[in-house]
Number of protein chains: 2
Amino acid sequence: MAIMDQTAIRKRFGEYLHARSLKLTGQRDRIFERAFETHEHFTPEALFDWLREAEGTTVSRATVYRTLTLLEEGGFIVSMNNGLGDVVYEHILGHEHHDHIICLKCGRIDEFQNTEIEALQIEVARTWGYSLVRHTLRLEGVCGTCRLSGAETG
Amino acid sequence: MAIMDQTAIRKRFGEYLHARSLKLTGQRDRIFERAFETHEHFTPEALFDWLREAEGTTVSRATVYRTLTLLEEGGFIVSMNNGLGDVVYEHILGHEHHDHIICLKCGRIDEFQNTEIEALQIEVARTWGYSLVRHTLRLEGVCGTCRLSGAETG
DNA sequence: GTAATTGCAAAAGGTTTGCAACTCA
DNA sequence: TGAGTTGCAAACCTTTTGCAATTAC
């Protein structure tokens, strides 16, 4: 399923920086690497902590924020809201476009694709006179695990 | 199309407060009224300003926030993200469930309904073992007006 | 009369920014 | 060498909170 492997995307990151006359600093490198190391959604703060926990590795919060913005502008990562008020990011490595289904009990996030829904969205946009740039579809519910365990909690 | 008229929902607000042993204060009344007066999506700050602009009417920011939370808990309004980092609210008066299509250039928000998409969502959730509680579908693009005027702006 | 509410100002939480020191190319 | 980058701390913005005064019921 991978569209591009880690090496290729790393190279593209370098090219992207070069094209914009930006420098590949140690901090950017570490942030990039760490962001692509996880397959989870993460907050800027979480990434900051991960880097701090890694022995000796310290990158300032400001640089984390600045670099995440940079990565998003370059299309290497995308941001979304986790529904609890936090901004979370995910990298695009090996991800085709997908939407999310989120468990309201445990916060688990699964990803899915549905071409029929995609097609209908384009149709809706056209109907309203919009040209569709992107969309966000988030399904929220209770996952199987939580339904079996917690049942009717809170 | 209205599910409930303004009078009816106003009454329900009173009942809701009563049921929770809360008081119908002048401030709550004004906030409620103003929130239902507009059919646009609004930020807490915007509502605060509206009330301030209205001659003599002043409600503190704190009370605006507290009351909006209260109204959302009661199901009288719902909140969402406008995609620019702001929390925006909309009242539910006369609104059936709908999704949003947002213009990335001018921030305009339109609402639509599509039963086919709704049905497919339920199917997706079932496939993944989730029971669907709710969903958010946001289409983002460029509206007809902006496409005609601005064209390829920055 | 009394519990609930308000306004204020301070606090909080997340993100951005100015600036001097530093570093990649 | 010099444009771009970093870290720090202060600034920002939105939202929340503690508390004394006030108000609805």
Side-chain angles (χ1 to χ4, degrees), chain A residues 10-11 13-35 41-52 54 56-74 77-89, chain B residues 10-11 13-35 41-52 54 56-74 77-89:
Chain A
R10 190 87 176 261
K11 191 177 159 210
F13 179 46
E15 292 166 354
Y16 173 71
L17 291 175
H18 192 259
R20 295 186 53 174
S21 304
L22 302 177
K23 295 174 179 172
L24 179 51
T25 65
Q27 288 90 331
R28 282 182 181 156
D29 204 36
R30 272 174 270 153
I31 291 170
F32 179 88
E33 196 161 293
R34 195 60 188 80
H41 302 75
F42 59 89
T43 60
E45 189 65 22
L47 182 53
F48 174 73
D49 288 341
W50 290 339
L51 293 171
R52 161 164 293 188
T57 306
T58 314
V59 179
S60 73
R61 220 181 295 267
T63 297
V64 169
Y65 278 101
R66 286 191 275 233
T67 304
L68 286 176
T69 301
L70 185 66
L71 289 174
E72 186 171 24
E73 284 171 4
I77 60 178
V78 295
S79 67
M80 56 178 285
N81 240 278
N82 74 348
L84 306 170
D86 310 311
V87 171
V88 296
Y89 288 91
Chain B
R10 189 85 177 263
K11 189 176 160 210
F13 180 46
E15 291 168 353
Y16 173 70
L17 291 174
H18 191 259
R20 294 186 54 175
S21 304
L22 301 176
K23 295 173 181 173
L24 178 51
T25 64
Q27 287 90 332
R28 282 182 180 154
D29 204 36
R30 273 175 269 154
I31 291 170
F32 179 89
E33 195 161 294
R34 195 60 188 78
H41 302 74
F42 59 89
T43 60
E45 188 66 22
L47 182 54
F48 174 72
D49 288 341
W50 290 340
L51 293 171
R52 161 165 294 190
T57 306
T58 315
V59 179
S60 74
R61 221 181 294 268
T63 296
V64 168
Y65 278 101
R66 287 190 275 234
T67 304
L68 286 175
T69 301
L70 184 66
L71 288 174
E72 186 172 24
E73 284 171 3
I77 60 179
V78 297
S79 67
M80 57 178 285
N81 240 278
N82 73 348
L84 306 171
D86 310 310
V87 170
V88 295
Y89 288 90

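Residue numbers begin at 1 in each chain, while the letters A, B, ... track the order of the sequences. All of these numbers come straight from a predicted model, not from anything done at the bench.
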Whole angstroms only, please: what is the [atom1]-[atom2] distance between [X] and [N]?
{"X": "R20(B)", "N": "dT5(C)", "atom1": "CZ", "atom2": "C1'", "value": "14 Å"}
{"X": "L17(B)", "N": "dT23(D)", "atom1": "CG", "atom2": "P", "value": "19 Å"}
{"X": "D29(B)", "N": "dC25(D)", "atom1": "CG", "atom2": "C1'", "value": "15 Å"}
{"X": "L70(B)", "N": "dT16(D)", "atom1": "CG", "atom2": "C1'", "value": "15 Å"}
{"X": "E72(B)", "N": "dT15(D)", "atom1": "CD", "atom2": "P", "value": "12 Å"}
{"X": "F48(A)", "N": "dT16(C)", "atom1": "CZ", "atom2": "C1'", "value": "15 Å"}
{"X": "L71(A)", "N": "dT5(D)", "atom1": "CG", "atom2": "C1'", "value": "15 Å"}
{"X": "R52(B)", "N": "dT6(C)", "atom1": "CZ", "atom2": "C1'", "value": "15 Å"}

By side chain to side chain contact (heavy atoms under 4.5 Å, CB included), which residues pair with [X], not counting sequence neighbours?
{"X": "T25(A)", "value": "K23(A), Q27(A), R28(A)"}
{"X": "A46(B)", "value": "F42(B), T43(B), W50(B)"}
{"X": "S79(B)", "value": "E72(B), V87(B), Y89(B)"}
{"X": "S60(A)", "value": "A62(A), T63(A)"}

What string of B, S and - do you get for nucleotides 17-25 of chain C 5' to 3' if you count protein non-hydrogen atoms under 4.0 Å?
BB----BBS
Check whether any side-chain nitrogen or oxygen of Y65(B) sits under 4.0 Å from OP1 or OP2 of dT16(D), and answer yes or no.
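Checking dT16(D) against Y65(B), no side-chain N or O comes under 4.0 Å of OP1 or OP2.
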It should be established whether R61(B) places a side-chain nitrogen or oxygen under 4.0 Å from OP1 or OP2 of nucleotide dT15(D).
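It does not, given that no N or O in the side chain of R61(B) lies less than 4.0 Å from OP1 or OP2 of dT15(D).
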Residues in salt bridge (charged side-chain N to carboxylate O under 4.0 Å, His left out) with [X], at least two apart?
{"X": "R30(B)", "result": "none"}
{"X": "D49(A)", "result": "none"}
{"X": "E45(A)", "result": "R61(A)"}

Does CZ in R52(B) sit with more than 12 non-hydrogen atoms of other residues, nucleotides or ligands closer than 6.0 Å?
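No, not enclosed.
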Estimated bend of the helix from dG1(C)-dC25(D) to dA25(C)-dT1(D) (axis per five terminal pairs, rounded to 10 degrees)
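Terminal axis comparison yields 40°.
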How long is the span from the CG atom in L71(B) to the CD1 atom in I77(B), to the nearest 0.5 Å?
4.5 Å
How is T58(A) classified with respect to the nucleic acid when contacts are heavy atoms under 4.0 Å: base, sugar-phosphate, or nothing?
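Sugar-phosphate, no base atom in range.
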